[in-house]
Protein chains: 2
Amino acid sequence: MIGIDTTAIRLMKYKDTLKKLKSLGLVKVFSDNLADSIGVSPSLVRKDFSFFDISGYKRGGYYIDELLEKLNVVLGRNTLHKLVIAGAGKLGLALCNYKGFQDEYIKILALFDIDEEKVNPESPIPILPAESLRAFVAEHRVTLGIITVPEDAAQRTADNMILGGIKGILNFTPLQIRVPKKCVVNTVNLELELDNLIFQISGKNINGKGETGDAEE
Amino acid sequence: MIGIDTTAIRLMKYKDTLKKLKSLGLVKVFSDNLADSIGVSPSLVRKDFSFFDISGYKRGGYYIDELLEKLNVVLGRNTLHKLVIAGAGKLGLALCNYKGFQDEYIKILALFDIDEEKVNPESPIPILPAESLRAFVAEHRVTLGIITVPEDAAQRTADNMILGGIKGILNFTPLQIRVPKKCVVNTVNLELELDNLIFQISGKNINGKGETGDAEE
DNA sequence: TAGATTGTTAATCGATTAACAATC
DNA sequence: TAGATTGTTAATCGATTAACAATC
């Protein structure tokens with residue numbers, strides 16, 4: 001939620017809608033349709049596409065297949081992304097099996113843990129010793145890493161990932177991780193998500209100053 | 001990331017900084033200090049506080065203890081919040097043990113699952129059958145729910161939670177859940193977080209149009 | 001052709017910052 | 001008192017929307 005690019009998120013939502021429209025047999029779509037489906041103005045839809053040099057047909061809208069393909073390119077979904085997870089605790093294992101991460105273009109190669117008891121190279125997705133992280137990443141040219149290790153090991157783990165050649169990190173610790181400019185860290189702070197929920201329901205009960213969510217009647 | 005109130009997030013960051021300053025022995029803080037620590041202007045810090053009727057002392061800044069207490073009230077951290085988790089899969093169990101959720105003012109009362117094999121009322125945090133969710137929530141006056149069930153059961157689960165009296169839901173399915181206006185749903189879409197990371201590193205490699213993260217050299 | 005939709009420029013809106021009077 | 005910081009109003013900035021010429 002911090003530093004997240006709102007345009008990219010809209011592109012992903014367009015993609016979702018397009019997939020649903022396609023499954024209904026539709027072939028073309030207008031900026032107006034997409035705008036309605038995700039709750040923005042048609043101008044913004046056109047501007048988003050235009051920004052990424054995706055053009056439609058005056059009077060004819062956009063062809064769904066064509067649009068999907070172009071969005072996939074922009075979103076990086078036309079090449080395979082290799083991924084490792086540091087930390088084979090409950091969260092790491094949960095993410096490893098998370099359905100949303102099973103995708104043609106995402107491959108989870110291994111988990112890593114410092115605890116020898118957890119190491120198991122024979123597991124369907126091997127669990128390897130933490131000290132082999134950097135070499136593994138380098139050898140397999142892994143580009144994405146997920147960090148679910150304890151807070152005090154987070155920065156060290158990130159450093160190793162980056163030395164190995166990882167370009168993007170999804171960080172599940174509440175810590176602010178520092179990386180070189182050429183890399184990206186996105187932090188998912190679950191604690192903050194819960195805090196935020198508590199704030200919102202507290203606000204609703206006490207006075208009108210709490211913010212409204214994405215709820216509807 | 002969607003519909004999140006940026007002010008509340010800043011308040012939480014102020015709180016974090018304040019706790020750290022306090023642990024260093026500091027007693028007072030100026031809007032300038034807090035602004036630096038979270039990367040906004042001092043005016044915004046003062047405006048945030050002023051919005052919630054938190055006032056300081058001209059020339060004297062703010063007293064850390066006083067500020068922390070007031071922030072806790074605004075953020076709802078002065079009363080106990082009862083919580084249940086629907087779905088005792090890997091993610092549900094991981095969250096149940098998540099350190100960030102262990103807090104004086106948060107109490108996880110139970111998990112619920114439709115799978116009888118998983119049910120275990122004797123577990124430290126009991127795992128109960130899904131059909132008892134609504135009654136349990138009502139009986140214990142639970143106000144917060146976390147949803148980690150499969151997508152197709154998400155809306156039904158949310159409905160039950162709300163019928164039981166839950167006011168805020170943290171939704172881990174990619175589905176848009178509909179709730180009455182008096183309730184709040186925040187969605188943590190892990191799939192989208194990974195997608196977004198992929199977009200960012202793809203953008204960095206292909207052209208200059210990808211967005212930068214919160215990284216630094 | 002007439003009508004409809006894109007692509008883009010100008011206008012609006014909201015959030016953040018700068019500036020400054022009040023005052024300790 | 002003189003100097004420094006708050007609280008708030010005006011200015012700025014960026015993101016979204018409205019409007020419209022181009023054109024299929």
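Just so it is clear: chains get the letters A, B, ... in the order the sequence lines come, proteins before strands, and each one is counted from 1.
Taking a pair as Watson-Crick or G-U wobble with both distances under 3.5 Å, the runs of three or more consecutive pairs in DNA chain D are C:3-24 with D:3-24.
Against DNA chain C, the stretch residues 59-67 of chain A makes heavy-atom approaches under 4.0 Å through Arg59(A), Gly61(A), Tyr62(A).
With Tyr57(A) as reference, Tyr63(A) is the one residue of Tyr63(A), Tyr62(A), Phe30(A) to meet the ring-ring contact (aromatic ring centres under 6.0 Å, His included) rule. Of the candidates Ile177(B), Leu144(B), Ile166(B), Ile166(B) is the only one forming a side-chain contact (heavy atoms from CB on, under 4.5 Å) with Met161(B). Exactly one of Asn189(B), Ile147(B), Leu95(B) qualifies for a side-chain contact (heavy atoms from CB on, under 4.5 Å) with Phe172(B). That residue is Leu95(B).
Nucleic acid contact for Tyr57(B): sugar-phosphate only, since backbone atoms but no base atoms lie under 4.0 Å from a heavy atom of the residue.
Electrostatic pairing of Lys15(B) and Asp195(A) does not count as a salt bridge here, judged by no charged N lying under 4.0 Å from a carboxylate O.
Counting only heavy atoms from C-beta outward, the side chains of Leu18(A) and Leu34(A) approach each other to under 4.5 Å. Side-chain atoms of Leu111(A) and Ile125(A), non-hydrogen and from C-beta on, do get closer than 4.5 Å to each other.
Within 6.0 Å of the CD atom in Glu69(B), the count of heavy atoms belonging to other residues, nucleotides or ligands does not exceed 12. In this structure, Lys90(A) places its NZ atom where only 12 or fewer heavy-atom neighbours from other residues, nucleotides or ligands lie under 6.0 Å away. Other residues, nucleotides and ligands contribute over 12 non-hydrogen atoms within 6.0 Å of the CG atom of Leu68(A).
Once you apply a 4.0 Å limit to the heavy atoms of chain B, the touched nucleotides of DNA chain D run 5' to 3' over dG3(D) to dA10(D).
Using modelled atom types and a 3.5 Å distance limit, the side chains of Tyr14(A) and Asp48(A) yield a donor-acceptor pair.
Comparing Gly56(B) and Leu44(A) by the nucleotide of DNA chain D that holds the closest heavy atom to each, the one mapping nearer the 5' end is Gly56(B).
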